[in-house]
Amino acid sequence: MHHPDIEGTPSRCPVSGNVELYGPEFGADPESHYAHLRSLGPSAPVDIADGVEVELVTSYDAALSILHDPATFVRDSRRWNALNEGRVPQDSPALPMMGYRPNALFSDGAAHARLRQAVTDSLGAVDELQLVRQTKQSAEYLISQFSSDRHGRAELMNEYAHQLPLLVFSDLFGCPPEIGDRVIVGISGIFDGTPEADQILAEALSELIALKHRRPGNDVTTRLMQHSAQLTDEEVLHQLVTLLSGGTTPLAAAIGTSSALILDESWQQGLPVETAVSQALWNYAPIANYAAHYPTRDVELGERRIRANDPVVISFAAANTDPRLAQHREQLSSKAHIAFGAGPHACPAKDPAFLVAVTAVECLLNRLPDVEVCAPFETLEWAPVPWSRVLLELPVSFTPSLPQPGPAAAEQQPSAPVPQQVHVPAQRQESGKAERKGGLFSRFLAWTRGE
């Protein structure tokens, strides 16, 4: 592992001289970058994308202080100096992540309280038992697609971790099959950088909202629309986008990292899955560097003076692993990490997210009891991006099992063998899509009906 105090400092931008928080070197060893930045104080300037400078907070105490001070540090990115002055490239990957959207994440004061209450109440009505059932059913479907592979191998990130949250959210939103398929294509495309993804997602969610006007249901979309805060259709759409973007890739990262930890040979056998998920949240925060704040006045962080309306980004990953915190970790609650944020903008779905991650890992271990990861944890590769800490791949091996019928088929014909589609490995799925009926959500719903 690269240690900056021994081998030199991480790579810097030749123009700004700042540490670059992106690219292969950062992706290979983010911890050494954080260690170097900590040596500069509670915060330091970094380039979070080419030509985009932010102040990155690496101290746990400083991060908590900022997250709990909404009067001084606001979230409305329309204040962003460099953006308003034309110094941010229009094609920058930072813009989709940091640019303003009319949702609770980028709102402050009364506007934020109104939107957040609608989101919190709508999520609070989700039945935990139903959420567990839905997660188990989604897990069983996905595992059934690769568990009968004659080679007994799978790549869990693409075939399991990334897909499971998409199925769960499509169900929570009350999507019919065709709309659910397009929601999944849209949100997946946003994270993959697909140009038309924004439009696909917006059109699909607009159709979903129109449908719920005609046929309300017991789902998050309907509850947002009927909430006493009286959200407009556009506001409902943007809250749904926030829930999707904040709940899918980070949740996939938590599922993947937790699975990798608990399957690693160095992991202490017999520890509960909850411990693995907590360790993943503490040490490999799924949302690594995010939550841009804009000081309403010039402020001081350590010995650095930050100009009003210059972005201050929280490194949840660095704060959680702050060495000053390490000596107190034993006394802290297992939930004292800030992987879900803190303060008025803390994730409103942290408890359901933890429940889904635990259930997903438990289902994998129960369904494939001899599953093994094909590489040591420390050799696994991470995505070279600043925003999330997510594994690129998680190859596993297991004893192939007989194909499993969907729930409906199992009830109708408990002893009859049900023909199952031959598994197509992730890298060959694209070529076969035209022959398969519907998208991911349609195929999942057909499987649940035993079709």
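Below, all heavy atoms of this structure are taken into account, side chains as well, without hydrogens, waters or symmetry copies. All of these numbers come straight from a predicted model, not from anything done at the bench.
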Are there more than 12 heavy atoms of other residues, nucleotides or ligands under 6.0 Å from atom [atom1] of [X]?
X	atom1	answer
Asn218	CG	no
Gln130	CD	yes
Glu85	CD	yes
Glu196	CD	yes

If we only count heavy atoms from C-beta on, is the [X] to [Y] side-chain gap below 4.5 Å?
X	Y	value
Ser259	Leu364	yes
Val52	Pro89	yes
Asp322	Asp61	no

Presence of salt bridge, [Y] and [X], under 4.0 angstrom:
X	Y	value
Arg114	Glu235	yes
Arg307	Glu55	no
Glu178	Arg182	yes
Asp219	Lys212	yes

Answer yes or no: is there a donor N or O on one side and an acceptor on the other, between the side chain of [X] and the main chain of [Y], under 3.5 Å?
X	Y	answer
Thr221	Phe173	yes
Tyr290	Met98	no
Asp298	Ala308	yes
Asp233	Ile209	no
Asn309	Trp80	no
Ser92	Ala94	yes
Thr222	Gly217	yes
Glu155	Glu393	no
Arg443	Gly438	yes
Ser278	Thr275	no

With no hydrogens and no angle check, do the side chains of [X] and [Y] hold a donor and an acceptor under 3.5 Å apart?
X	Y	value
Asn289	Tyr34	yes
Gln199	Glu203	yes
Asp121	Gln117	yes

What pairs of residues pass the ring-ring contact (aromatic ring centres under 6.0 Å, His included) test when at least one of them lies in residues 89-133, not counting sequence neighbours?
->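 Only His112-His345 qualify under ring-ring contact (aromatic ring centres under 6.0 Å, His included).
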Parallel under 30°, tilted from 30 to 60°, perpendicular over 60°: which one fits the rings of His337 and Phe340?
->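 The rings of His337 and Phe340 sit tilted, inter-plane angle from 30° to 60°.
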With under 30° as parallel and over 60° as perpendicular, where do the rings of Phe73 and His293 fit, or are they tilted in between?
->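 If you compare the ring of Phe73 with that of His293, the planes turn out perpendicular.
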Pairwise distance CG(Leu123) to CG(Asp351) - rounded to 0.5 angstrom |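 Answer rounded to 0.5 Å: 11.0 Å.
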What's the spacing between Gln279 CD and Ile262 CD1 if we round to 0.5 Å?
-> 11.0 Å
If you look only at pairs with a residue in residues 236-262, which of them pass as a salt bridge (Lys or Arg N to Asp or Glu O under 4.0 Å), with sequence neighbours excluded?
->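 Salt bridge (Lys or Arg N to Asp or Glu O under 4.0 Å) check on residues 236-262 returns no pairs.
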Tabulate below the donor-acceptor pairs under 3.5 Å that side-chain atoms of residues 247-257 make, not counting sequence neighbours, or state none.
unit_1	atom_1	unit_2	atom_2	d
Thr248	OG1	Leu244	O	2.6
Thr257	OG1	Ala253	O	2.9

